[in-house]
Amino acid sequence: MVEVVVEPKVTITNIIWSFDLRAQKVNLLLIKRADPPFQNYWALPETVMRVHEGADQAALRLVQEKIGLKLSRFHTEQLETFTNPLRSPTAKREISLAYMTFLPDMPKLNAGYGAVDAQWFALGHDQQHNYTFTGEPAAFVLPKRQSELEFYQTARHEHSLAFDHEWLLKIACLRIKNKLDYQPNILLVLGKSFTLKTARVVYAAFLKIKADQIDNSNFRKTHAWLFQEVGVAAKQGPGRPARLYRLQV
């Protein structure tokens, strides 16, 4: 029996995070696909890696093409390589190199090439403690207890994200949650500086709790080594102005 060797298509999938200061919510960028497969489904931004670029370069190019921001590698990190044969409905085998990018602000979006819409979706959780992503046009719930095999054996439906992007998001959320106490790169979405109160809002989103459930004094003691004080915020109302911090690099 002759084994058939299939040359895979290599794509870069970028999980792009930002923070809505007004709503105090972590947000995720999703685009609505213009072309099949999964035409008109919401999805994570993707691009095909070009011949003369590395994966890191492709991930940053995708951010520049979709959002118009030119970022350094400091704002992006590789998540994982996804190779399950069932991840694409086409006959062509697809391998995805998934990245996460942490935007220092939350720009307005244009759909761009290959998309009919682009929106920010707010991160939250439901009563069953599943991660949720909610936007004006739609909402998505990530599988909580499914194994990888169970996920790929479950049929996609019209309220799912395209491809296996819900699985990619689940892995991304768990990665961020597991690194909160030693490498919280997600705080890069807060810009050059932030208050501990806002940092607790970001932590709470991934811990699936309310921010006031994180004690400020204990948080300062246990996480002080991660932050460097850089000044004070503009005074708002009575009392001392909040101190400003940035991530230690």
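Any value given below was found using the heavy atoms of this structure, including those in side chains, with hydrogens, waters and symmetry copies removed.
We find that E46 and K9 are not joined by a salt bridge, their nearest charged nitrogen and carboxylate oxygen being 4.0 Å or further apart.
Contact check for L29 versus W120: side-chain heavy atoms found under the 4.5 Å cut-off.
Residues in residues 17-36 take part in no side chain to side chain donor-acceptor pair (under 3.5 Å) pair, two or more places apart or across chains.
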Only pairs under 3.5 Å count here: list side-chain donor-acceptor contacts from residues 201-210, not counting sequence neighbours, and write none if there are none.
| from | atom 1 | to | atom 2 | distance (Å) |
| --- | --- | --- | --- | --- |
| Y203 | OH | L180 | O | 2.5 |
| K208 | NZ | H129 | O | 2.8 |

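Every residue meeting the side-chain hydrogen bond (donor to acceptor under 3.5 Å, both in side chains) condition with T195, not counting sequence neighbours, appears here in chain and number order: T198. Partners of S96 under the side-chain hydrogen bond (donor to acceptor under 3.5 Å, both in side chains) rule, at least two apart in sequence or in another chain, are T13. Under the rule for a side-chain contact (heavy atoms from CB on, under 4.5 Å), the partners of A34 that lie at least two apart in sequence or sit in another chain are V116. Residues passing the side-chain hydrogen bond (donor to acceptor under 3.5 Å, both in side chains) test with H75: none are found, sequence neighbours excluded.
Note: L28 CG to M100 CE = 11.5 Å, rounded to the nearest 0.5 Å. Here OG1 of T47 is found 3.5 Å from CZ of R61. Values are rounded to the nearest 0.5 Å.
With F163 as reference, F38 is the one residue of F82, W42, F151, F38 to meet the ring-ring contact (aromatic ring centres under 6.0 Å, His included) rule.
Nearest heavy-atom pair across L142 and E166 is CD2-O, 3.8 Å.
If you check the side chains of N14 and T101, you find a donor sitting under 3.5 Å from an acceptor.
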